[in-house]
Engineer: 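Below is the structure I would like to discuss, written out as structure tokens.
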Amino acid sequence: MPTRTEEGSAPPGDRVVWADVAKGACIVLVVLWHVVVKDYLRVDWQVGLPVPGAWGLLGEQLLPLRMPLFFAISGIFAANAVARPWRVSGRSRIARNLYLYAIWLLIHTALLALAPGFPTDRATSAGDLLTQLTVTPSNLWYLYALALYFVLAKALRRVHPAVLLAAAGALSAVAATGLLDSPGNRGQVYQNLVFFLAGVHLKPYLTRWADGASTRRLAGTGAAYAIGLAAMALAGAQSRPGVYLLVSVVAVAFGLIAAARLARHRLAGPALARLGRRTLPVYVIRMPVLALLDRILAAPVAGLPGPARALLVTVYPVLLTALLLALSLAAHRGLTALGARRLFDLPRRAHSNPEGETMPRIDAPVLPDRTHVEEAARVLSGRVVRTPVLHSPAIDRLAGARILLKAENLQDGGSYKMRGAMLAVGRLAAAGHTGVVAQSTGNHAVAVALAARRHGLAATVVLPVDAAPVKVDRARAAGARVVRAGTTVEERLAVARRIAEVEGHPLVDAYDHPDVVAGQGSASLELIEEAARRGTPLDALVVPVGGGGGIAGACLAAAGSPIRVYGVEPVGCDSLARSLAAGRPTPVAPAPSLADGLRPGCVGDLPFAVARTGVRGVVRVDDDAIVEAFRLLLLELKVLVEPSGAAALAGALRLGEVTGPGGVGGLGEVARPGGVGDAARPSDGRWQPTVGVVLTGGNVEADLVARLAGDRMTAGVAA
């Protein structure tokens, strides 16, 4: 996945890739080591070749690299979280790891009891189990250590890093000599604390070291690592305090460079990065699966004919490692498909917002409702522009209805996205966060950048490689660090999530976020209120659909009223329409469209959960219809709206496609308690429905405006 930034030669996205590659490489080495010592070396190969010994020796030489590098990367990921309040970081960094450790310790204890001959730490009594839960961790000690290390790093964060690293280094040096009582994996916990703390406190230096990866630096650190291993072995110096620690430090320096170099490899880089983002399921599942494979394969392999054993003895560890990785990931997919997500994460819960009310997480069963939109409107009052509602008799005549247009193109940042961004970022700032990450095709990124600047937060925004220059420029002008990644929402979201993890900043999703949905809904709520104030209450509300945050907010704003909510999607980018038909979020391969902001591959889970019962229908519009609406707005109302916003009017002009033979006039069948004002009655006395339209944004390129507004506006539109 190619990434590049708008500033500097070392793209931030690359740091995410090499960190993932490092984790992926480490988990491969961990699995390989366990395959060698727990299965491969226990097979009686009888080949008369020193190959098994060579595999064992190789595994031992990688001991100073595997877990120290793993913990250094983990420390880099945790660096920003250490500075956040306990209530913000404690759940994800401490409670989650302890929960997973306890759950999987119980699972391992039960499953490994079925393989009593398999050589691994196991509890055989209640006392053993209690010991492993508390002071002597099992083979899942990595999770135990992560929680413990984070507590120490946070509790001691005001201690000078030099003092902290010196103390942790001394502990590591002494533990490596065997002088400390360290049964089970307790010694590993002692030895690796220093590397986690190094990741936390030396993050800028470690990332700069990796960013400067070169062939010369790779060769130099690799040679230093090899020389250190050789010297330690020849002199028998491993038992001397500090020697093993020094070799491990060199190994980590080599590992960072190697990971950065591998990240640039066309095949190995993406593969290891993908694996690096999925190390947890491999780590927790691998041991029972390896015990099963050992039980199934060891005897048949030992019974193979001599030539077959001689051939297999060399490649068996590699083959079994690949199989173990594949089976662990497959087991994870199967378990999550069966709904066993609680085996891999803490159970979800509602969380309290600084503004007072309780809001659910985006994947919680409780959805936001109209009260959340009303509260969002109160919080945003005076912080965002209350944009005007426009009206044109000429547009009314074309539509056969009274059209009221909410001019969110005049909003700060040029779009209604400012509403959701201000609400979400404001609450994160109040919670103690120091930065945010976002991804979008442009408008949401601009809004998050502006909101972050207002609240004094750092912002990183991920945009597609073909993002409109005006949106890139606005995000950069607002002070955001701009990263470009791929052309699909999946590519952008993957990069944004990893940046969020590396930087320790929360991800403000463009639509799958309750605060964003509530904030966007405040635009529709204002339109509903203004129409009622004018004496022409809305019969319908039309909102363009990209990821679905706006349409979901509109549904919430209109809840409890007779207002019918309709979505508008470009032809070929109709995920919501297909999702409503299928009864679940359904992805599409977005077709080319002028409306670049309406081209996510799939409507969000949260917006769909709201829209599936709140949307009355979806209108599909092509580029010609969007251009027609764009020109109407420009010539009749003298307002400049981007194609994604103009699509809303294009849909309103074609509302008859979803309202039936009666067209827009069919909306008159809606009962209107208390009647309607005179403004809704044309001179002939017939009742005229009122349709609200949200013009979502106005960030459009000057050359595109010239093309769309010209006499030959349709020529080359899709170019």
Side-chain angles (χ1 to χ4, degrees), residues 22-45 51-71 73-74 100-101 104-105 107-123 132 136-146 183-189 191-192 248 251 255 272 275-276 278-299 301-302 312-332:
K23 288 185 69 178
C26 285
I27 199 66
V28 170
L29 295 179
V30 167
V31 172
L32 176 63
W33 171 244
H34 287 151
V35 164
V36 169
V37 299
K38 297 180 184 299
D39 178 88
Y40 176 72
L41 293 180
R42 298 172 64 234
V43 175
D44 186 6
W45 292 98
V51 176
W55 273 111
L57 180 62
L58 174 63
E60 291 178 355
Q61 305 314 303
L62 294 173
L63 283 173
L65 171 67
R66 281 190 300 266
M67 297 314 295
L69 179 58
F70 220 143
F71 279 109
I73 297 297
S74 299
L100 291 172
Y101 176 70
W104 282 96
L105 176 59
I107 294 173
H108 279 207
T109 300
L111 294 180
L112 292 174
L114 303 176
F118 186 70
T120 191
D121 291 336
R122 73 184 75 232
Q132 290 189 347
T136 304
S138 71
N139 53 46
L140 294 161
W141 67 274
Y142 175 72
L143 295 169
Y144 175 99
L146 280 180
N185 291 293
R186 200 187 302 172
Q188 293 275 17
V189 176
Q191 290 183 50
N192 287 287
S248 295
L272 286 172
L275 182 60
R278 304 172 68 189
T279 55
L280 174 65
V282 174
Y283 189 80
V284 298
I285 293 174
R286 78 198 187 289
M287 199 63 75
V289 176
L290 180 56
L292 176 63
L293 291 176
D294 177 70
R295 191 181 185 98
I296 294 173
L297 298 177
V301 167
L312 192 59
V313 68
T314 303
V315 297
Y316 186 77
V318 175
L319 296 177
L320 193 56
T321 295
L323 179 60
L324 184 53
L325 289 169
L327 290 176
S328 298
L329 294 173
H332 172 250

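For the numbers below, each heavy atom of this structure counts, side chains included, while hydrogens, waters and symmetry mates do not. We number each residue from 1, following the sequence as shown.
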Engineer: In chain order, what residues pass the salt bridge (Lys or Arg N to Asp or Glu O under 4.0 Å) check against Asp121, with sequence neighbours excluded?
Structural biologist: none
Engineer: Quick one, Ser138 and Tyr144 - any side-chain contact, counting heavy atoms below 4.5 Å?
Structural biologist: no
Engineer: Regarding Tyr142 and Asn192, is there a side-chain donor-to-acceptor distance under 3.5 Å anywhere?
Structural biologist: no
Engineer: To the nearest 0.5 Å, what is the distance between CZ (Arg278) and CG (Leu325)?
Structural biologist: 10.5 Å
Engineer: What's the spacing between Leu100 CG and Leu140 CG if we round to 0.5 Å?
Structural biologist: 9.5 Å
Engineer: To the nearest 0.5 Å, what is the distance between CG on Leu290 and CG on Leu320?
Structural biologist: 6.5 Å
Engineer: With the side chain counted from C-beta on, respond yes when Arg295 and Phe118 share a heavy-atom pair under 4.5 Å apart, and no when they do not.
Structural biologist: no
Engineer: Search all heavy atoms of Thr136 against all heavy atoms of Pro183 and return the closest pair with its distance.
Structural biologist: CG2-O, 3.3 Å
Engineer: Please check: side-chain N/O of Arg42 versus main-chain N/O of Lys38, any donor-acceptor pairing under 3.5 Å?
Structural biologist: yes
Engineer: So, for Ala113 and Pro116, which heavy atoms are closest and what is the spacing to 0.1 Å?
Structural biologist: O-CD, 3.8 Å
Engineer: Begin from the C-alpha positions of Phe71 and Trp141 and carry the test ring-ring contact (aromatic ring centres under 6.0 Å, His included) through to its verdict.
Structural biologist: CA-CA 12 Å; Phe71 279 109; Trp141 67 274; 5.5 Å; yes
Engineer: Can you tell if the side chain of Leu329 reaches within under 4.5 Å of the side chain of Ile285, non-hydrogen atoms only?
Structural biologist: no
Engineer: How many angstroms lie between CG in Leu324 and CG in Leu319, if you round to the nearest 0.5 Å?
Structural biologist: 12.5 Å
Engineer: Under a 3.5 Å distance rule, please check whether Arg286 uses its side chain to pair with a backbone N or O of Val31 as donor and acceptor.
Structural biologist: no
Engineer: Does Val284 offer a backbone N or O that forms a donor-acceptor pair with the side chain of His108 under 3.5 Å?
Structural biologist: yes
Engineer: Compare every heavy atom of Ser328 with every heavy atom of Pro281, then report the nearest pair and how far apart it is.
Structural biologist: O-CB, 4.4 Å
Engineer: Enumerate the side-chain hydrogen bond (donor to acceptor under 3.5 Å, both in side chains) contacts for residues 55-69, please, sequence neighbours excluded, ordered by first and then second residue.
Structural biologist: none
Engineer: Which residues pass the side-chain contact (heavy atoms from CB on, under 4.5 Å) test with Pro52, sequence neighbours left out?
Structural biologist: Tyr40, Leu41, Trp45, Val313
Engineer: Are any non-hydrogen side-chain atoms of Leu146 and Ser74 less than 4.5 angstrom apart?
Structural biologist: yes
Engineer: How close do Asp44 and Ala302 get, heavy atom to heavy atom, and via which atoms?
Structural biologist: O-CB, 4.3 Å
Engineer: Can you tell me how far OG1 of Thr321 sits from CH2 of Trp33, rounded to the nearest 0.5 angstrom?
Structural biologist: 12.5 Å
Engineer: At what distance, to the nearest 0.5 angstrom, does CG of Leu29 lie from CZ of Phe70?
Structural biologist: 10.0 Å
Engineer: Using a 4.5 Å cut-off on heavy atoms from C-beta on, say whether the side chain of His332 contacts that of Val282.
Structural biologist: no
Engineer: Evaluate the side-chain proximity of Asn139 to Leu112: yes if any heavy-atom separation is below 4.5 Å, no if none is.
Structural biologist: yes
Engineer: Going by heavy atoms in the side chains, are Val189 and Pro137 under 4.5 Å from each other?
Structural biologist: yes
Engineer: Between Thr279 and Tyr283, is there a side-chain heavy-atom distance shorter than 4.5 Å?
Structural biologist: no
Engineer: Grab the two heavy atoms, one from Gly24 and one from Leu275, that are nearest each other, plus how far apart they are.
Structural biologist: O-CD2, 3.7 Å
